[in-house]
Amino acid sequence: MRTATLGPAQRAESLAAMAERELDVLVVGGGVVGAGTALDAVTRGLATGLVEARDWASGTSSRSSKLIHGGLRYLEMLDFALVREALKERGLLLERLAPHLVKPVPFLYPLRHRGWERLYAGSGVALYDAMSMARGHGRGLPLHRHLSRRHALRVAPCLQKDALVGALQYYDAQMDDARFVATLVRTAASYGVKAANRARVTGFLREGERVVGARVQDVEGGGEYEVHAKQIVNATGVWTDDTQAMVGERGQFHVRASKGIHLVVPRDRISSSTGLILRTERSVLFVIPWGRHWIVGTTDTGWDLDKAHPAASSADIDYLLETVNSVLAVPLTRDDVEGVYAGLRPLLAGESEATSKLSREHTVAHPAPGLVVVAGGKYTTYRVMAKDAVDEAVRGLDLRVADCVTEDVPLLGAEGYHALWNARARIAARAGLHAVRVEHLLNRYGSMAEEVLGLVAADPGLGKPLQAADDYLRAEMVYAASHEGARHLDDVLTRRTRISIETFDRGTRSAREAAELMAPVLGWDGDHVEREVEHYEKRVEAERESQLQPDDLTADAARLGAPDIVPL
């Protein structure tokens, strides 16, 4: 089984190695596109480095709707090429690249009008299924079906009886977006990528007009490195324009940020065996099954404030509650909301003033010799974006380089996953855990769950769940720090797990237990544990305060009341 460890020692070794000899490709940005680009480059035989200023997926790539989908609404915009491309990627991820992380999810689309709407919407969903099957990557999902109102209300009793005259049910797929990126980075590292998070690019190195490297600051250790590379790929999403400004070159395009917020509510607050998709005046609203919870979202509004910590305002939350309550028999209230998160979509600017109309296409440019920029796109098509970025970088290399092979490179944990799933009862008996716990591990780590179970075998106390977040084992806190690159408590509670949005206390009751489990791995003393817990509590307090503010400006100011943690 191929594996890789992203612990403190590996991070230090990667930074040192990047500074020692010239790379073929240095990727800047540790979201899904940057991680995918690094994997694409290294699997073509290129010496590759990957740096991220904060944590893996700490920006847009941990704050999405957590869907892998073709984009049904883009059919209505007649953007057939984008939908076809996304459906192919959805199929690859479900069936070959990441079956342990990407799972089918059903959606119910309520029909409000008799006759014409069923014909119109039904034709669109039928085309969606047909386009998926035509590429040979749709067999893993059931086909759509038409439901009467009575049947729809049996499937989703939560709906008001007068909110629909019938319904369509179709399938897409979902994943834990931050976990997907962490796995992608580890996969890239397993093929030889030198990867370091908390490593900020502070400037670019030039030889005349050519970009030949980057100055990289070790945010954790305080050192600075000069990393030389034949080609640099800027994959920084909503920070694209800021990164480009370091080069001093006029950008060939601009990226605008669109804010989307999501609410998380307990599963028992909405009685349904299927997700929901609702048409709104601006876009669509999803109600997405998420373990013992539902995710409700999203919004689509312009954002030009702090990019690192986009804030959800009271108005955003009210909008989502009002919209979803328009069809629910038992309305949701603020008291039902466990978690709230806000993310920024990187949209290519220039086509329309309204962010909901901006392109979800991606683009690749070569604004200066030695520098490639990739921007735009959507999570589902990250692999295509990565391929296009590396193709462009290869044009600037004086080498013969192989074509992209990532269509046939499964992510870590995919190999052997189905066999282990079939043996889950036996694995549970051997490990002394309930079978449900083993299923949870397999769906988060795939075949790498054996590594987590190895920690439990060495210390049975790690096989117990966290006291205030019992979906997660104590071993997962240790594993996040030792194998998955987590450097801080926030990394674990917000991204390696989703405790920060899945508990009413937002993870504060789990903070000390998690920090004490991480401490031996990361070399923290008692004072450091206190700092981590205090910082996390302040972050949650600032987020709660921001969610009481009436608008973006006041919400942003409140959220910035908790600064980023800086190691001493």
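Being a predicted model, the structure only gives us computed values, none of them experimental.
Counting only distance, with no hydrogens or angles, the side chain of S14 and the backbone of A196 share no donor-acceptor pair below 3.5 Å. Within the 3.5 Å criterion, the main-chain N or O of V42 finds no donor-acceptor partner in the side chain of D40. Judged by distance alone, the side chain of D176 and the main-chain N or O of R179 form a donor-acceptor pair under 3.5 Å. Formation of a donor-acceptor pair under 3.5 Å by the S62 side chain with backbone atoms of A57 is found in this model. Judged by distance alone, with hydrogens and angles left aside, the side-chain atoms of H100 form a donor-acceptor pair with the main-chain N or O of L412 at under 3.5 Å. Put simply, the side chain of E52 gets close to the backbone of G30: a donor and an acceptor are under 3.5 Å apart. With hydrogens and angles disregarded, no donor-acceptor distance shorter than 3.5 Å links the side chain of S447 to the backbone of Y417. With hydrogens and angles ignored, the 3.5 Å screen pairs no side-chain donor or acceptor of K378 with any backbone N or O of H362. No donor-acceptor pair closer than 3.5 Å links the side chain of T494 to the backbone N or O of S500. At least one donor-acceptor pair closer than 3.5 Å links the side chain of S64 to the backbone N or O of K66.
Contact detail for S61 and V181: the closest heavy-atom pair is CB-CG2, 3.9 Å. A pairwise comparison of heavy atoms in V390 and L46 identifies CG1-CD1, 4.4 Å as the closest pair. N443 and L101 get closest at one heavy-atom pair: O-CD2, 4.1 Å. Counting all heavy atoms, side chain and backbone alike, P266 lies closest to D336 at CD-O, 3.2 Å. Heavy atoms only, all atoms of each residue included: L184 and G36 are closest at CD2-N, 3.6 Å. In plain terms, the two heavy atoms of A235 and V27 that are nearest each other are CB-CG1, 4.4 Å.
Proximity of the aromatic rings of F107 and F286 is defined here by a centroid distance below 6.0 angstrom, and this criterion is met.
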Step by step, work out the side-chain contact (heavy atoms from CB on, under 4.5 Å) result for K194 and T48.
-> CA-CA 6 Å; K194 305 302 180 186; T48 306; over 6 Å; no
List the steps, then state whether side-chain hydrogen bond (donor to acceptor under 3.5 Å, both in side chains) holds for T3 with E451.
-> CA-CA 10 Å; T3 188; E451 296 177 346; 2.7 Å; yes
Go through the steps to decide whether I288 and Q174 satisfy the test side-chain contact (heavy atoms from CB on, under 4.5 Å), and finish with yes or no.
-> CA-CA 9 Å; I288 306 163; Q174 69 177 161; 3.3 Å; yes
Under the side-chain hydrogen bond (donor to acceptor under 3.5 Å, both in side chains) criterion, do T503 and E338 qualify, and how do the steps go?
-> CA-CA 6 Å; T503 57; E338 292 174 290; over 6 Å; no
I would like to know whether V478 and L462 meet side-chain contact (heavy atoms from CB on, under 4.5 Å); could you show each step before the answer?
-> CA-CA 9 Å; V478 177; L462 296 180; 4.0 Å; yes
Apply ring-ring contact (aromatic ring centres under 6.0 Å, His included) to the pair F180 and Y382, showing each step before the final yes or no.
-> CA-CA 11 Å; F180 189 95; Y382 81 88; 5.5 Å; yes
Begin from the C-alpha positions of I427 and L441 and carry the test side-chain contact (heavy atoms from CB on, under 4.5 Å) through to its verdict.
-> CA-CA 11 Å; I427 294 169; L441 294 176; over 6 Å; no
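Here the side chains of D388 and V374 are not in contact, with every heavy-atom distance at 4.5 Å or above. The closest side-chain heavy-atom distance from Y472 to H440 is below 4.5 Å. By the 4.5 Å heavy-atom criterion applied to side chains, E516 and W524 are not counted as neighbours. A 4.5 Å side-chain heavy-atom check between L141 and Y170 finds every atom pair outside the cut-off. The shortest distance between side-chain heavy atoms of M477 and L466 falls below 4.5 Å. Looking at heavy atoms from C-beta onward, D306 lies in side-chain contact with L560 at the 4.5 angstrom threshold. Two residues are said to be in side-chain contact when any heavy atoms from C-beta on lie closer than 4.5 Å; W239 and K307 meet this criterion. By the 4.5 Å heavy-atom criterion applied to side chains, P563 and H535 are not counted as neighbours.
Using a 3.5 Å distance cut-off with no hydrogens or angles, the side chains of T298 and S65 do not pair a donor with an acceptor.
Distance check: I295 CD1 to L67 CG gives 8.0 Å after rounding to the nearest 0.5 Å. The structure places CG of D490 at 9.0 Å from OG of S58, a figure rounded to the nearest 0.5 Å. Atom CD in E85 sits 14.0 Å away from atom CZ in R90 (nearest 0.5 Å). We find the OG-NZ distance between S132 and K88 to be 12.5 Å, quoted to the nearest 0.5 Å. Note that CG of L493 is 12.0 Å distant from CD1 of I501, once rounded to the nearest 0.5 Å. In this structure, CG in L15 is found 9.0 Å from CG in N197, a value given to the nearest 0.5 Å.
Salt bridge status for D403 with R44: absent, with no side-chain N to carboxylate O gap under 4.0 Å. Using a 4.0 Å cut-off between charged nitrogen and carboxylate oxygen, R496 and D491 do not count as a salt-bridge pair. Ion pairing of R474 with E513 is present here, as a side-chain N (NZ or NE/NH1/NH2) and a carboxylate O approach within less than 4.0 Å. The residues R487 and E220 are annotated as salt-bridged, a charged nitrogen and a carboxylate oxygen being separated by less than 4.0 angstrom. The existence of a salt bridge linking R559 and E543 is confirmed by a sub-4.0 Å separation between a basic side-chain nitrogen and an acidic carboxylate oxygen. D218 and R11 are joined by a salt bridge, as a carboxylate oxygen and a charged side-chain nitrogen come within less than 4.0 angstrom of each other. For D471 and R292, the salt-bridge test passes: some basic side-chain N is under 4.0 Å from an acidic carboxylate O. Ionic pairing of R383 and E407 is present here: one or more N-O contacts between side-chain nitrogen and carboxylate oxygen are shorter than 4.0 angstrom.
Aromatic ring orientation, Y341 versus H262: parallel (interplanar angle below 30°, classes split at 30° and 60°).
Judged by the 6.0 Å and 45° rule, R495 forms no cation-pi pair with W56.
Each of E532, R54, R531 was compared with H488 under the side-chain hydrogen bond (donor to acceptor under 3.5 Å, both in side chains) criterion, and only E532 meets it. The side chain to side chain contact (heavy atoms under 4.5 Å, CB included) test with L92 is passed by exactly one of L97, V102, D408: L97.
In the displayed structure, E537 atom CD is contacted under 6.0 Å by more than 12 heavy atoms of other residues, nucleotides or ligands. Surrounding CD of E541 are at most 12 heavy atoms belonging to other residues, nucleotides or ligands under 6.0 Å away. Q467 CD: 12 or fewer foreign heavy atoms inside a 6.0 Å radius. Other residues, nucleotides and ligands contribute only 12 or fewer heavy atoms inside 6.0 Å of the CZ atom of R426.
For E439, the side chain to side chain donor-acceptor pair (under 3.5 Å) test picks out R424, with sequence neighbours left out.
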